[in-house]
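Below you'll find the structure, written out as structure tokens, and then a few comments.
Values reported hereafter were calculated over all heavy atoms of this structure, with side chains retained and with hydrogens, waters and symmetry mates removed. Lettering of chains follows the sequences in order, A, B, ..., and the numbering in each one begins at 1.
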Protein chains: 2
Amino acid sequence: MEKKIVKNFEEKLRNKGYRNTEQRQAVLSAIIDNQGRHLSTEEIYDIVKANSPDIGLATVYRTLLLLEEMNLIHKVDFNDGRSRYELNKSNEEHLHHHLVCTQCGSIHEVKDDLLEQLEKQIHEKNGFLVTNHSVKFYGLCSECQKNNSQKTYQKT
Amino acid sequence: MEKKIVKNFEEKLRNKGYRNTEQRQAVLSAIIDNQGRHLSTEEIYDIVKANSPDIGLATVYRTLLLLEEMNLIHKVDFNDGRSRYELNKSNEEHLHHHLVCTQCGSIHEVKDDLLEQLEKQIHEKNGFLVTNHSVKFYGLCSECQKNNSQKTYQKT
DNA sequence: ATTCATGCAAATCGTTTGCAACCCA
DNA sequence: TGGGTTGCAAACGATTTGCATGAAT
């Protein structure tokens, strides 16, 4: 499936008259190889630099913009002051939300499709045509809940 | 109802040994007086400066952090590169989502409570305790949809 | 009087941009 | 060859911070 993404990328580059460079391939590969990790730009930069030490941070920024424009990735924001990116899945399975632990910062994903009907409602009632959504739940992961109850014991 | 918020604020300040200053009152008032406008820090600064020209931008930033810590406001992010803030409503009615138009940037609000059951499911299945959520729908507002179909005609 | 809060300016951090060198098509 | 692409460094914009002054308790 990763090869499909790469092919798609190369094709879209050609269509727009853009060039298929090593750096662009490397950035896309880094994201594909780390699915589910929600890498920040700097993290992607570090990964790519391991194999291509000469790449510049600006190139990574520019490539991410390009990949976003081509709908291959999208930005996710976890309020930590930096942009993170996620590979776009094929339409059928793109419905997942993020659980952000406000204590340890861990991110978990949940699959769900309750949102579809909600989006229909929104179109009917508000005339607003939904093309994308961002859903995040903040709270405590099970790990932190455990730790917290332990701490209560230790305090005595 | 605004007075309730202000009382609440003053009480929380005292509880924590913080001080009730003119600047803090002014920032909170600006937010209360502009509910639904999703003001950015700079916009709040400009509003407050109209009556208190000597206030510093840093004070506004610090006060917003304080108000957030006290759970009186929360941050909303519309991907425009700046933080915006919204007053926290009482628990019963805090469920509304944002419709962000990707063309004109307008923000509409939708009331909804479909999320409650979803949050229960999440707790049961994932052991994650949801305390807050952020839900945004991106797409085209009715206005822009209209304009777009007009443009199609004009192109001929 | 003490200690917290303020305003200002400088510092910081993520991101963008100008430009000369570079390299894919 | 020529125009998109790169790396570097400088520029940028939002936010934070250090510090001396000022004000609330």
Side-chain angles (χ1 to χ4, degrees), chain A residues 6 9-30 38-70 73-85 105, chain B residues 6 9-30 38-70 73-85 105:
Chain A
V6 174
F9 178 47
E10 291 171 355
E11 190 188 318
K12 286 188 179 176
L13 283 176
R14 268 181 252 294
N15 284 348
K16 300 218 180 191
Y18 295 147
R19 288 175 188 171
N20 188 10
T21 67
E22 250 184 64
Q23 290 91 333
R24 285 172 178 175
Q25 291 171 27
V27 169
L28 180 56
S29 292
H38 311 103
L39 299 176
S40 68
T41 308
E42 201 103 22
E43 287 167 344
I44 294 169
Y45 172 59
D46 288 337
I47 291 171
V48 172
K49 220 162 59 162
N51 285 322
S52 321
D54 287 341
I55 196 171
L57 181 55
T59 299
V60 177
Y61 272 101
R62 285 187 276 232
T63 303
L64 291 171
L65 236 45
L66 190 70
L67 291 171
E68 206 179 9
E69 184 191 319
M70 292 181 167
I73 61 173
H74 65 269
K75 206 181 280 187
V76 273
D77 177 17
F78 295 136
N79 286 326
D80 63 351
R82 68 206 66 206
S83 289
R84 298 178 172 278
Y85 292 89
Chain B
V6 174
F9 178 47
E10 293 172 354
E11 190 189 318
K12 285 187 179 176
L13 284 176
R14 268 180 252 294
N15 284 347
K16 299 218 180 188
Y18 294 148
R19 287 173 189 173
N20 187 11
T21 69
E22 252 182 62
Q23 292 91 331
R24 285 172 178 176
Q25 291 171 26
V27 169
L28 180 56
S29 292
H38 311 103
L39 299 175
S40 69
T41 309
E42 201 102 22
E43 286 167 343
I44 294 169
Y45 173 60
D46 287 338
I47 291 172
V48 171
K49 219 163 57 164
N51 285 319
S52 322
D54 288 343
I55 197 172
L57 181 55
T59 300
V60 177
Y61 273 101
R62 284 187 278 232
T63 303
L64 291 171
L65 237 46
L66 190 70
L67 291 170
E68 206 179 10
E69 184 191 318
M70 292 180 167
I73 61 173
H74 64 269
K75 207 181 280 187
V76 273
D77 176 16
F78 295 136
N79 287 326
D80 62 351
R82 67 206 68 206
S83 289
R84 298 178 173 278
Y85 292 89

For [X], report the nucleic acid contact type (base, sugar-phosphate, nothing); a contact means any heavy atom under 4.0 Å.
{"X": "B:R24", "answer": "sugar-phosphate"}
{"X": "A:E42", "answer": "nothing"}
{"X": "A:R19", "answer": "base"}
{"X": "B:S40", "answer": "nothing"}

For this session: Using the side-chain hydrogen bond (donor to acceptor under 3.5 Å, both in side chains) rule, pick out the option among A:R14, A:E11, A:Q25 that qualifies with A:N20.
Result: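 Only one option passes, and that is A:Q25.
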Write down the distance between [atom1] ([X]) and [atom2] ([N]), rounded to a whole number of angstrom.
{"X": "B:E22", "N": "D:dT25", "atom1": "CD", "atom2": "C1'", "result": "16 Å"}
{"X": "A:D80", "N": "D:dT16", "atom1": "CG", "atom2": "P", "result": "13 Å"}
{"X": "B:Q25", "N": "D:dA23", "atom1": "CD", "atom2": "P", "result": "15 Å"}
{"X": "B:L57", "N": "C:dA5", "atom1": "CG", "atom2": "P", "result": "18 Å"}
{"X": "B:R62", "N": "C:dC8", "atom1": "CZ", "atom2": "P", "result": "11 Å"}
{"X": "B:I44", "N": "D:dA14", "atom1": "CD1", "atom2": "C1'", "result": "14 Å"}
{"X": "A:E43", "N": "C:dC13", "atom1": "CD", "atom2": "P", "result": "16 Å"}
{"X": "A:I55", "N": "D:dA9", "atom1": "CD1", "atom2": "C1'", "result": "17 Å"}

Problem set entry | side-chain contact (heavy atoms from CB on, under 4.5 Å) partner of B:T41, the single match among B:V27, B:V60, B:D46 |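 Only one option passes, and that is B:V60.
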It should be established whether [X] places a side-chain nitrogen or oxygen under 4.0 Å from OP1 or OP2 of nucleotide [N].
{"X": "B:Y61", "N": "D:dT15", "answer": "yes"}
{"X": "B:T59", "N": "C:dG7", "answer": "yes"}
{"X": "B:S83", "N": "D:dT15", "answer": "yes"}
{"X": "A:Q23", "N": "C:dC23", "answer": "no"}
{"X": "B:T21", "N": "C:dT6", "answer": "yes"}

Problem set entry | From B:K75 atom NZ to B:R84 atom CZ, the distance as rounded to the nearest 0.5 Å |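 The CZ atom of B:R84 is 13.0 Å from NZ of B:K75, to the nearest 0.5 Å.
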For this session: Could you tell me the separation between the OH atom of B:Y85 and the NE2 atom of B:H38, rounded to the nearest 0.5 Å?
Result: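 One finds 14.0 Å between OH of B:Y85 and NE2 of B:H38.
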Exercise. Want to settle it: does A:G17 or B:R84 sit nearer the 5' end of DNA chain D, counting the closest nucleotide to each?
Worked result: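 That would be A:G17.
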For this session: Between B:N20 and A:L66, just flag the one whose closest nucleotide in DNA chain D comes earlier from the 5' side.
Result: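 With B:N20 and A:L66 compared, the 5'-side residue is A:L66.
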Exercise. Would you call B:E43 and B:R82 a salt bridge, taking side-chain N to carboxylate O under 4.0 Å as the test?
Worked result: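 Looking at B:R82 together with B:E43, the answer is no, because their closest N to O distance does not fall below 4.0 Å.
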